[in-house]
Amino acid sequence: MDTEHQDQEYERDEQLLEARRLKRLEQKRKRKMQQRIVLGVLLIILVLIIVLVVKGCRSDKTDTPEEPEQTQQVEPEQTPTVQTEPDTVVTLAAVGDIMMYDEQIEDAKQEDGSYDFTSCFSAVSGLTASADITVGNLELNFCGEPYSGFPDFRAPETLADTLRTLGFDVLQTANTYSIMNGISGLESTLRYLDTAGLSHVGTYASAEDKTTNGGVLLKNVNGVKIAFIGFTKGVNNLTLPEGSEYAVDLLYTDYSTDYSKISSKAIVASVESAKALNPDVIVAMLHWGSEYSTSVDEGQSQITTLLLENGVDVILGSHSHIVGKMETRNVTTVDGEEKTCFVAYSLGNFCAIKKQDYTDESVILNLEFTKNGETGDTTITNISYTPLYIMDSGAEAAGRFQVLPVRSAITSNLFGEKQQALTDAIAHLRTNTASDYDSGK
């Protein structure tokens, strides 16, 4: 073998030896790494065992107070979360006298002889229907034909259905015209209201109806119980027939003459009957005072105090046909309760024709009640009114009579010749109510 060939063989042998040496070194490095990993794992396991043993020993010695490290850390007690019911808010809308004169009845008459009052109230239907409960004073009778206005006030029965469609729930029937068409007219009126699904307060078709709950009407409005009572100062100088004294709740014992002797026992008894039903709110609907007057007479003042101090929360007045004073009162009741009450002495006309100044100006009164979910106490949390105007567009107009929200009527520019009257109505209502309850709507 020549020298060159020998040198090549030698170089290959050297390369193989070097590769083997490097392989052995790599294998050795891997074994050391594996050993370190195993030792690390074993060390961790050993530490965990020691910790668990020490903790177990301390746990066994928790009853030995001498060792500081053995003192237990007491976690603070967690105060349980008290679950309370949320507050409940309900709204009540109230209007004044609902009357139908001859002109209004004629305006509602259709070609087929039926009667449709929808157009008269369409502009305010959203306001009456949006409240949780809506009330008013029904100063007329439903007792069949012949229909007529003053002085009998025999209205077409379809008016009852219209009022229900408008969202009315409760109507006061104790007023000037309760028995204008006799006891039979009173009974017929109540039957038609029942058929239409409208509750009524202040008059009764039988003595049994009067004794049921003491004549109190209780309405559960979304969980808030509202008790209604209704009274009138008189029945148009008439006297209740003998044997029918139960038919109408009266504020005065001399209700057909002087209106000077307040029927205090009957009034208090009615409030007590309401309180016995455990209501959240008591509302008294009163037909009182003098026609076309905004003054509050002595009798009204005495009756107001009597009612509020015995537990009534709200008084809604009617009869004067003009919107009157509104006020809140802080009262301490005979039961020692201190609360804030509200009185609207007159809500004016909701539907009528103009007989005197301001009788075509009216309001929808809006009251908000809030029942506290924790205490169960109910308070008046908001008071406002929306100004209304009873528009008479003239005998030749189609849809002659309309009950309009004043500000909407102004902005519509549909009643140009009445713009000043509409604007004046806002100021008159502020003056007559002696309040700042105008909602601005």
Side-chain angles (χ1 to χ4, degrees), residues 96-97 99 137-141 151 153 171-183 185-186 189 200-205 207 209-211 214-217 227-275 282-312 314-322 324-325 329 334 341 343-348:
D97 302 327
M99 309 181 76
N137 173 51
L138 185 72
E139 200 162 356
L140 50 78
N141 291 155
F153 286 102
L171 295 173
Q172 178 185 358
T173 48
N175 51 53
T176 300
Y177 294 100
S178 295
I179 61 168
M180 197 63 196
N181 295 282
I183 294 297
L186 179 151
T189 300
H200 40 82
V201 62
T203 64
Y204 312 93
D209 289 345
K210 166 65 176 176
T211 56
V216 179
L217 172 67
F228 292 91
I229 59 176
F231 284 84
T232 180
K233 66 179 291 185
V235 284
N236 210 20
N237 298 319
L238 299 175
T239 303
L240 291 171
E242 186 177 353
S244 298
E245 291 82 2
Y246 61 82
V248 183
D249 284 331
L250 297 157
L251 290 171
Y252 299 92
T253 57
D254 56 344
Y255 64 90
S256 62
T257 54
D258 298 331
Y259 312 111
S260 60
K261 299 176 182 177
I262 297 172
S263 188
S264 300
K265 289 184 179 179
I267 293 171
V268 172
S270 183
V271 179
E272 289 299 319
S273 295
K275 289 159 65 175
I282 301 176
V283 176
M285 302 183 72
L286 306 182
H287 199 70
W288 60 351
S290 300
E291 287 187 305
Y292 313 120
S293 173
T294 58
S295 63
V296 177
D297 62 39
E298 181 61 28
Q300 287 176 286
S301 295
Q302 292 176 15
I303 291 168
T304 297
T305 299
L306 182 67
L307 286 168
L308 299 185
E309 289 186 352
N310 279 277
V312 168
V314 173
I315 295 174
L316 302 176
S318 60
H319 180 55
S320 75
H321 309 299
I322 298 175
K325 181 181 178 181
R329 282 201 191 182
V334 293
C341 303
V343 184
Y345 288 93
S346 176
L347 294 176

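Worth knowing before you read on, the calculation uses all heavy atoms, side chains too, and leaves out hydrogens, waters and symmetry mates.
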Approximate separation, where rounding is to 0.5 Å, of Ile262 CD1 and Ile303 CD1: 4.5 Å
Hey, does the side chain of Ser270 reach the backbone of Ala266 with a donor-acceptor pair shorter than 3.5 angstrom? no
Side chain to side chain contact (heavy atoms under 4.5 Å, CB included) involving Thr294 - partner list, sequence neighbours excluded: Ile322, Asn432
With sequence neighbours excluded, give me every salt bridge (charged side-chain N to carboxylate O under 4.0 Å, His left out) pair touching residues 257-266. none
Measure the shortest side-chain to side-chain distance between Leu140 and Met180 over non-hydrogen atoms and say whether it is less than 4.5 angstrom. no
Pairwise side-chain contact, His200 with Leu217, heavy-atom cut-off 4.5 Å (strictly under): no
For Tyr246, what residues pass the side chain to side chain donor-acceptor pair (under 3.5 Å) criterion, not counting sequence neighbours? none
Once rounded to the nearest 0.5 Å, what's the spacing between atom CE of Met285 and atom CD1 of Ile229? 11.0 Å
Polar side-chain atom of Gln172 near backbone of Phe231 as donor-acceptor pair, under 3.5 Å: yes
Quick one: NE2 on His321 to CD on Glu139, what's the gap to the nearest 0.5 Å? 5.0 Å
Under the rule for side chain to side chain contact (heavy atoms under 4.5 Å, CB included), what residues qualify as partners of Ser256, not counting sequence neighbours? Thr239
Side chain to side chain donor-acceptor pair (under 3.5 Å) partners of Asp254, counting only residues at least two apart: Ser260
Can you name the side chain to side chain donor-acceptor pair (under 3.5 Å) partners of Ser346, sequence neighbours left out? Ser320
Could you tell me which non-hydrogen atom of Leu138 sits nearest to which non-hydrogen atom of Thr189, and how far apart they are? CD2-CG2, 4.3 Å
Compare all side-chain heavy atoms of Pro241 with those of Ile183 and state whether any distance is below 4.5 angstrom. yes
To the nearest 0.5 Å, how far apart are CG in Asn141 and CG in Leu186? 7.0 Å
Identify, with sequence neighbours excluded, every residue that meets salt bridge (charged side-chain N to carboxylate O under 4.0 Å, His left out) alongside Glu272. Lys275
Could you walk me through whether Asn175 and His319 pass the side-chain contact (heavy atoms from CB on, under 4.5 Å) check? CA-CA 8 Å; Asn175 51 53; His319 180 55; over 6 Å; no
Please report the C-alpha distance between His287 and Leu251 in whole Å, then the side-chain angles of each, then the deciding distance to 0.1 Å, and finally whether the side-chain contact (heavy atoms from CB on, under 4.5 Å) criterion is met. CA-CA 9 Å; His287 199 70; Leu251 290 171; over 6 Å; no
Can you sort out the partners of Thr211 under side chain to side chain contact (heavy atoms under 4.5 Å, CB included), two or more places apart, ordered by chain and number? none
On a heavy-atom basis, which atom in Gly230 and which in Val201 lie closest, and how many Å separate them? N-CG2, 3.4 Å
Please report the interatomic distance CZ(Phe228) to CG(Leu171), rounded to the nearest 0.5 Å. 10.5 Å
Quick one: CG on Leu250 to CG on Leu240, what's the gap to the nearest 0.5 Å? 5.5 Å
Shortest non-hydrogen contact between Ile267 and Leu306, atoms and distance: CG2-CD2, 3.9 Å
With sequence neighbours left out, which residue pairs that include part of residues 284-306 fulfil the salt bridge (charged side-chain N to carboxylate O under 4.0 Å, His left out) condition? none
Once salt bridge (charged side-chain N to carboxylate O under 4.0 Å, His left out) is applied, do any residues pair with Asp249, and if so which ones, sequence neighbours excluded? Lys210
Test your reading of the model: is there a side-chain donor-acceptor pair from Lys233 to the backbone of Tyr252, 3.5 Å cut-off? no
Leu307 versus Ala284, closest heavy-atom pair with distance: CD1-CB, 4.2 Å
How far apart are the closest heavy atoms of Ala227 and Ala274, and which atoms are they? CB-CB, 4.1 Å
Who pairs with Thr304 by side chain to side chain contact (heavy atoms under 4.5 Å, CB included), at least two apart in sequence or on another chain? Trp288, Leu308, Ile315, Arg329, Val343, Tyr345
What pairs with Thr203 under side chain to side chain donor-acceptor pair (under 3.5 Å), at least two apart in sequence or on another chain? Thr173
